[in-house]
Amino acid sequence: MQALAEPALPPLAVLGGDLLVTGRRRRWFALGRPFVGVLLFVLAVRFELWWATPTIVFLIFIAVVTGTHDVVHSAVGLGRRQTEWALFLLGAVLFESGHAYRCSHLQHHHVFPGPDDPEGDPARMTLWGAVRYGPVMLPVLWWWAFRRNASRPEQRGWLLLEALWPVVFAVLSTLAFRQTLALTLYLVLAVTGSWVYPLLTVYLPHHGYGPTPLTQTRTLRGWLIPHLFLELTYHLEHHLYPSVPSHQLPALSRRLEPLFREAGVQPIVVP
C-alpha cells in the first residue's frame, strides 16, 4: 500500500508574521543571559559556593546555545556587523567558535540528512559513538568551516581569533592558578561540558530520522524541560521554520498542532 503524502507546510505568512517579532527588550534579554550567568559564576566563587558552579555553567551553556542559535538564523534583528560581534562574544563565553557554528549549522539545515553535514554526523552514529565523538566535534566543525571559507579572509580571521581565545584564557588561568582556581575551574567545566553536544543537540533529536521534513527530528512538550532548555526542545518546529526565534517556538508549535495531528506526528511528552 502506498504511504500517504505528508500535508503541505503552510507558509509562515499564513501562520502569522508576528512569530518573527523580537522586540528590543527580548533581544537584549536573549543576548545578555550568558553574561549574567558569568556574573553569577563570579559571585559563586566570591562567596565560595563552589558546589553551585557546575549548575551555573550548565545554565550558561543553555543561554549561549539559544542566543547563538537565534543570531545564526538572523532571528533577533541584528545588523551585519552586530551579528559578527555577537557570534564572537557569545562563543567566547564558552571558548567556542560562533562563526564555525554558523557555517556548519546553516549547512545542516540546508542538506540534512544528506552528505557534507558535519554537524549532523552524530545522528548517524550509535549512542556510544555520539558520546565518544564529544571531545572532537567542535575542532572538527572549526576545521571544516575554516576550509570552507578559504575564499573569505574576513571569516577566516574571525575563526582564527576564536581559536586563539581559549589558548589565551588557558595561559591566563595557569598564571593565576596560585591566586585562584576559578579561571581553571571555569575553563575545565566549559570545555568538558561541550563534549555532550553530539549527544544532546544532534543524536537525541535526530537519531532514527525519516525521509521527510516531519520525520527528520522530534518535538518535546512539557511544563519544565522546554522552559529549562529555553524552548530548544521544539526541534521539529525549528527545522520546519528556522527563521522563527526561540522564544516564539511554543506559539509556532500551537499553530502547527492541526497539521501535526493530520500527519500523525506524536510529540514526546516530558515533565
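All values reported here derive from a predicted model rather than from experimental measurement.
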**Report entry** Test side chain to side chain donor-acceptor pair (under 3.5 Å) applied to Glu162 and His99, step by step
**Finding:** CA-CA 8 Å; Glu162 289 162 340; His99 288 78; 2.6 Å; yes
**Report entry** Pairwise distance OG(Ser253) to CD(Gln248) - rounded to 0.5 angstrom
**Finding:**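 One finds 12.5 Å between OG of Ser253 and CD of Gln248.
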**Report entry** Nearest-0.5 Å distance that lies between atom CG in Leu90 and atom CH2 in Trp85
**Finding:** 12.5 Å
Requested in this report: For the residue pair Glu231 and His238, confirm or rule out a side-chain donor-acceptor distance under 3.5 Å.
Outcome: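 Glu231 vs His238: no donor-acceptor pair found between side chains.
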Query raised in the report: Side-chain donor-acceptor pair under 3.5 Å between Gln266 and Arg261, yes or no?
Result: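 Result is no, nothing qualifies.
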Requested in this report: Let me see the working for Arg33 and Leu59 under side-chain contact (heavy atoms from CB on, under 4.5 Å), right down to the final yes or no.
Outcome: CA-CA 9 Å; Arg33 283 181 300 207; Leu59 296 176; over 6 Å; no
Query raised in the report: Does the side chain to side chain donor-acceptor pair (under 3.5 Å) test come out yes or no for Asn149 and Trp158, once each step is laid out?
Result: CA-CA 11 Å; Asn149 283 280; Trp158 284 110; over 6 Å; no
Query - Worked check of side chain to side chain donor-acceptor pair (under 3.5 Å) between Gln107 and Arg148 - result: CA-CA 11 Å; Gln107 176 75 354; Arg148 195 172 183 85; 3.3 Å; yes
Report task. Identify the residue among Leu19, Thr22, Leu252 that makes a side chain to side chain contact (heavy atoms under 4.5 Å, CB included) with Pro245. Result ->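 Exactly one option meets the side chain to side chain contact (heavy atoms under 4.5 Å, CB included) with Pro245, and it is Thr22.
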**Report entry** From Thr180, Val188, Leu181, residue fulfilling side chain to side chain contact (heavy atoms under 4.5 Å, CB included) relative to Thr184
**Finding:**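 For Thr184, the side chain to side chain contact (heavy atoms under 4.5 Å, CB included) check succeeds only for Val188.
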Requested in this report: Please say whether more than 12 non-hydrogen atoms of neighbouring residues, nucleotides or ligands are located less than 6.0 Å from CH2 in Trp50.
Outcome: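 Atom CH2 in Trp50 is crowded, with more than 12 foreign heavy atoms closer than 6.0 Å.
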Query raised in the report: Counting only heavy atoms not in Arg81, do more than 12 sit closer than 6.0 Å to its CZ atom?
Result: yes
Query raised in the report: Between Phe146 and Trp142, what is the ring plane arrangement, given parallel below 30°, perpendicular above 60°, and tilted in between?
Result: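 The rings of Phe146 and Trp142 lie parallel, inter-plane angle below 30°.
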Query raised in the report: Under 6.0 Å between the ring centres of Tyr197 and Tyr133?
Result: no
Any salt bridge linking [X] with [Y]? Criterion: basic side-chain nitrogen under 4.0 Å from a carboxylate oxygen.
X	Y	result
Glu237	Arg218	no
Asp70	Arg26	no
Arg124	Glu119	no

Report summary line: Checking His69, His206, His73 against His108 for ring pair (Phe, Tyr, Trp, His ring centres under 6.0 Å), the one that qualifies is His206
